[in-house]
Asker: 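Below you will find the structure I want to go over with you.
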Amino acid sequence: MGDPRIVTVPDAAALAEAGADVVAATIAAAPAASVVVATGTTPMGLYEELAARRRSGLVDTDAITAIQLDEYLGLAPDDRRTLFGWMRRSFLHPLAIEGPRVLRLPLDGDLPAACAAFDRALEARGGIDLAILGLGTNGHLGFNEPPTERWAPTRAVTLTDATIRANARYWGKIADVPSRAVTIGLGPLLSARAILLVVSGAAKHAIVRAALEGPVGPEVPASFLRESGAEVTVVVDHAAWEGEEPT
Ligand code: F6R
């Protein structure tokens, strides 16, 4: 509600702390919170910090539900490169979240029908309490690639060249990156009660400024954060906010 709250921090360690503070506050207020979980590099320190707080008894994740944000299409379920595998290693396992407390995206069958059913199920269980998101260098949230309208539902998408190039670092070479994926839509994401966007590194400078200060529209999907009903917190490190590494 209102403008995003922008929290600038000096470095990745401070980003992990500040991000974990937001997640911990959500869970303290709503122990059975439904939390959308991004993968990608940026939130990894945050997840480690949360796990450390859980081990110290400072955060209780025993009742939260974790919701998958996005996934590649066309991989074998046991492929280590699935985003679900990454989510399991970085979030579900360290926080001991399992069974019915994990909500996965549909990946086969009649995808349009299955994605619509996913959105209905999300709504029926009370919607998203907190979406933890990273920012693509092209302005994507999840795999809501530009252009995406603010009401876009959960659906199968074709990845842009920019995203395929950016993700090639995880795959070895560009030709190996899957070109299709499923993502929670901007519509359901922007309907969350709270959104935490974490942004790190000088390579994100131009896009984080465009998202928060440029025109709002489908060409920069993250710009719609400024028109969502959610309580939006953007935790951004110095390098991303200023476009330069700290001296
Ligand atoms: C990952 C995801 C992506 C990433 C974004 C930033 O599940 O949905 O939108 O959050 O591409 O990735 P990193 O953090 O690796 O720069």
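One-based numbering, in listed order, for ligands and for the atoms of each. The residues of the chain are indexed from 1 along the displayed sequence.
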Asker: Are L69 and L141 joined in one hydrophobic group, where the rule is that I, L, V, M, F, W and Y side chains link up if heavy atoms are under 4.5 Å apart?
Answerer: yes

Asker: In the protein, what heavy atom is nearest to atom 2 (C) of ligand 1, and what distance, to one decimal place, separates them?
Answerer: D70 OD2, 3.2 Å

Asker: Using the side chain to side chain contact (heavy atoms under 4.5 Å, CB included) rule, pick out the option among D129, L122, I132 that qualifies with I67.
Answerer: L122

Asker: Which ligand 1 atoms does G40 reach within 4.0 Å, using its non-hydrogen atoms?
Answerer: 14 (O), 15 (O)

Asker: Do you know which two heavy atoms are closest between A33 and T26, and how far apart they sit?
Answerer: CB-CG2, 4.1 Å

Asker: Would W86 and Y170 count as a close aromatic pair, with their ring centres under 6.0 Å?
Answerer: yes

Asker: Name the closest protein heavy atom to atom 5 (C) of ligand 1, giving the residue it belongs to and the distance to 0.1 Å.
Answerer: H140 NE2, 3.4 Å

Asker: With heavy-atom distances below 4.0 Å as the criterion, list the atoms of ligand 1 near Y170.
Answerer: 15 (O)

Asker: Mind telling me whether W171 and Y72 have parallel, tilted or perpendicular rings, with 30° and 60° as the class edges?
Answerer: perpendicular

Asker: Flag yes if more than 12 heavy atoms outside R169 fall under 6.0 Å of its CZ atom; otherwise flag no.
Answerer: yes

Asker: Within the 4.0 Å heavy-atom shell around T42, which atoms of ligand 1 are there?
Answerer: 13 (P), 14 (O), 16 (O)

Asker: Please could you name the atoms of ligand 1 that G134 approaches to less than 4.0 Å, counting only its heavy atoms?
Answerer: 10 (O)

Asker: Show the atoms of ligand 1 that are less than 4.0 angstrom away from any heavy atom in G142.
Answerer: 3 (C), 8 (O), 9 (O)

Asker: Is the closest N or O pair between L133 and ligand 1 shorter than 3.5 Å?
Answerer: no

Asker: With no hydrogens and no angle check, do the side chains of T8 and H238 hold a donor and an acceptor under 3.5 Å apart?
Answerer: no

Asker: Which bit of L69 is near ligand 1, meaning a heavy atom under 4.0 Å away: side chain, backbone, both or neither?
Answerer: side chain

Asker: At under 4.0 Å between heavy atoms, which part of V198 makes contact with ligand 1: side chain, backbone, both or neither?
Answerer: neither

Asker: Starting from atom 6 (C) of ligand 1, what is the nearest protein heavy atom, named by residue and atom, and what distance separates them?
Answerer: L135 O, 3.4 Å

